[in-house]
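When a ligand or atom number is given, it counts from 1 through the structure's own listing order. Quick caveat, the model's predicted, so the values are computed rather than measured. We count residues from 1, following the sequence as given.
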Amino acid sequence: MGREAGDMDTINPYEVAVSQVKKVGEALELSEGIIAFLTQPKRELTVNFPVRMDDGSFRMFTGYRVQHSNARGPCKGGVRYHPAVSLDEVRALSMWMTWKCATVGIPFGGAKGGVICNPKEMSKGELERLTRRFATEIEPIIGPYVDIPAPDVYTDAQVMAWIMDTYSHKVGQVTPASVTGKPIPLGGSEGREEATSRGLMYCVREAMRARRMEPTESSAVIQGFGNVGGNAARLLRDELGMKVIAVSDSSGGIYDPAGLDIRKVEAHKKATGSVKGFPGATDITNHELLELDCTVLVPAALEGAIDRNNADRIRATIVAEGANGPTLPEADGILFEKGIMLIPDILANAGGVTASYFEWVQDLQFYFWSVGEVNERLNNIMTAAFNRVHSRSAEKKVDMRTGAYLLAVREVVNAIEMRGIYP
Ligand code: NAD
């Protein structure tokens with residue numbers, strides 16, 4: 001499950017996140033003090049803990065929970081299980097959550113968590129014990145009004161159910177609002193599972209409207225066929241009528257210029273463990289996939305997929321960042337000069353945290369909405385956010401990432417200034 005996406009093994013994601021804020025801080029004429037405030041996480045917890053393995057031995061694991069900001073509300077962010085998790089990666093991801101929540105205007109700050117592990121090599125029982133012990137270790141700093149975890153890479157609704165159950169035992173109350181992305185019978189929200197991809201699809205729809213392009217005459221290429229990439233492939237096909245010509249996962253990609261049948265690709269991945277070898281399609285590498293001629297490219301795997309080495313060879317008209325941080329700063333400039341519209345992660349994949357916000361609101365009220373209500377509210381929030389960011393970028397003649405940061409950082413700074421520096 002090693003990383004092959006871009007330069008991220010050599011480039012530190014936290015440094016990327018800090019450089020993005022510094023660039024915008026200068027444009028907003030923020031003081032050195034406030035830039036330092038914005039670039040340092042509020043709280044960081046590292047935990048080392050034992051887990052009993054199936055063979056009777058125990059192994060030590062390291063996990064992190066980082067809370068970047070609670071200026072605009074409780075901290076919010078996913079938990080990642082991956083061998084390459086590091087404190088700097090979690091710091092960067094927590095900071096991106098702060099800007100994401102501000103971009104779409106939901107009342108949360110940013111957090112993120114991670115455990116260094118390889119879930120593909122662990123049994124369900126080992127994963128449950130790892131999750132419950134990690135939840136116990138971070139319990140003192142999480143909670144429905146403090147910090148609310150959610151799924152991220154290689155964690156899912158089952159992992160969230162274990163965290164919710166563990167937290168509820170600790171505090172002696174059933175607390176569904178302590179975690180989002182739960183199974184629906186435990187207080188999960190209708191529509192949450194596909195909300196990140198649905199939000200991305202609404203952004204692509206708006207981007208095509210802005211560029212006067214017709215989705216039914218367009219093609220999409222998707223890197224990463226997990227929660228975000230798999231659902232994005234299906235929704236771009238089913239709801240916008242786009243032709244999905246290539247998808248990939250960590251083992252490689254498949255290409256069919258006539259368009260892939262996404263449900264059959266899903267079934268093939270379920271049966272064989274990978275999209276590779278899909279009948280009728282050509283196997284390609286992840287590098288080749290990124291450089292295909294297409295209308296919309298969706299990087300939906302890990303950080304650093306588009307860097308200075310391949311940015312010049314990207315042939316998409318629109319890049320919609322399903323993953324967090326898939327494009328490195330030096331690549332942003334190259335894509336902008338080529339006239340490619342890049343819909344940044346803090347906007348393009350914000351549908352997930354928006355639906356998490358809906359789940360949290362429903363859990364606090366113990367009153368649940370229909371999938372139609374969820375999708376309509378999501379559409380309203382994502383469409384408005386896309387158009388705010390698009391207008392600000394056009395007005396300032398900057399790329400959409402800079403436009404989104406100008407709006408988001410200003411929102412967070414306003415909240416900090418209104419609350420004042422304590423004491
Ligand atoms: P996931 O674990 O469901 O899927 C990840 C997919 O990426 C898998 O198909 C995996 O095989 C593939 N992959 C891994 N390494 C790859 C590589 N080098 N090249 C190509 N494919 C590779 O994870 P997910 O939840 O879909 O998350 C994907 C990205 O989206 C992450 O950056 C995550 O932070 C971001 N994100 C997720 C959500 C969400 O709601 N799940 C919300 C916002 C952002």
Side-chain angles (χ1 to χ4, degrees), residues 1-9 13 76-85 89-90 92-94 96-97 99-101 103-104 110 112-114 118-120 149-157 159-160 180-181 188-189 191-200 203 221-234 246-254 265-266 269-270 272-276 284-290 297-306 310 320-327 344-357 359 378 382:
M1 202 171 37
R3 291 188 179 195
E4 56 179 66
D7 269 358
M8 257 317 175
D9 287 341
K76 186 86 189 80
V79 175
R80 178 174 292 197
Y81 287 174
H82 195 280
V85 162
E89 179 183 63
V90 178
L93 290 163
S94 75
W96 289 327
M97 286 304 297
W99 315 134
K100 193 178 296 186
C101 295
T103 300
V104 287
K112 205 80 181 191
N118 188 347
K120 287 186 179 175
D152 191 70
V153 176
Y154 299 140
T155 57
D156 56 13
V159 172
M160 297 307 116
T180 59
S189 178
R192 168 65 182 80
E193 189 90 5
E194 62 166 38
T196 305
S197 317
R198 182 168 280 281
L200 183 139
C203 286
V221 165
I222 292 161
Q223 184 201 34
F225 201 69
N227 181 305
V228 178
N231 281 313
R234 188 175 45 75
V247 300
S248 68
D249 57 29
S250 55
S251 333
I254 50 170
V265 177
E266 279 169 354
K269 179 160 169 99
K270 212 169 175 189
T272 66
S274 168
V275 297
K276 268 179 74 175
I284 53 173
T285 66
N286 265 296
H287 291 290
E288 287 166 340
L289 173 128
L290 292 169
L297 172 64
V298 181
L302 293 169
E303 299 94 85
I306 307 178
N310 63 0
E321 294 187 323
N324 289 308
T327 314
D345 46 9
I346 59 170
L347 171 63
N349 71 34
V353 73
T354 303
S356 275
Y357 165 59
E359 181 174 334
L378 183 65
M382 295 305 298

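Residue Gly352 has no nitrogen or oxygen atom sitting less than 3.5 Å from a nitrogen or oxygen atom of ligand 1, judged on distance alone. On a distance-only criterion, Lys100 and ligand 1 share no N/O pair closer than 3.5 Å. Residue Leu93 has no nitrogen or oxygen atom sitting less than 3.5 Å from a nitrogen or oxygen atom of ligand 1, judged on distance alone. Remark: ligand 1 and Asn227 share an N or O pair separated by less than 3.5 Å (distance only, no angle test). At least one N/O-N/O distance between Val228 and ligand 1 falls below 3.5 Å. For the pair Lys112 and ligand 1, the shortest N or O to N or O distance does not fall below 3.5 Å.
The existence of a salt bridge linking Arg234 and Glu193 is excluded, since no basic side-chain nitrogen approaches an acidic carboxylate oxygen closer than 4.0 Å.
With atom 4 (O) of ligand 1 as the reference point, the heavy atom nearest to it among Gly226, Ala348, Ser274 is part of Gly226.
Using a 4.0 Å cut-off to heavy atoms of Leu302, the atoms of ligand 1 that qualify are 15 (N). Residue Ala323 has at least one heavy-atom neighbour below 4.0 Å for each of these atoms of ligand 1: 29 (C), 30 (O), 32 (O), 35 (C). For ligand 1 and Asp152, the ligand atoms under 4.0 Å from any heavy atom of the residue are 33 (C), 34 (O).
Although no hydrogens or angles enter the test, the distance criterion places no donor-acceptor pair under 3.5 Å between the side chain of Asn310 and the main chain of Ile306. Of the possible polar contacts, none joining the Asn286 side chain to the Leu289 backbone as a donor-acceptor pair under 3.5 Å is found.
Within the 4.0 Å heavy-atom cutoff, Arg192 counts among the residues contacting ligand 1. Using a 4.0 Å heavy-atom cutoff, Glu303 is absent from the residues neighbouring ligand 1.
Neither the backbone nor the side chain of Ala150 has any atom closer than 4.0 Å to an atom of ligand 1 (non-hydrogen atoms only). Residue Asn324 touches ligand 1 through backbone and side chain together, judged by heavy-atom distances below 4.0 Å. Only side-chain heavy atoms of Asn286 come within less than 4.0 Å of ligand 1; its backbone N, CA, C and O stay farther off.
Lys100 pairs in a side-chain hydrogen bond (donor to acceptor under 3.5 Å, both in side chains) with only one of the listed residues (Asn349, Asp345, Thr354), which is Asn349.
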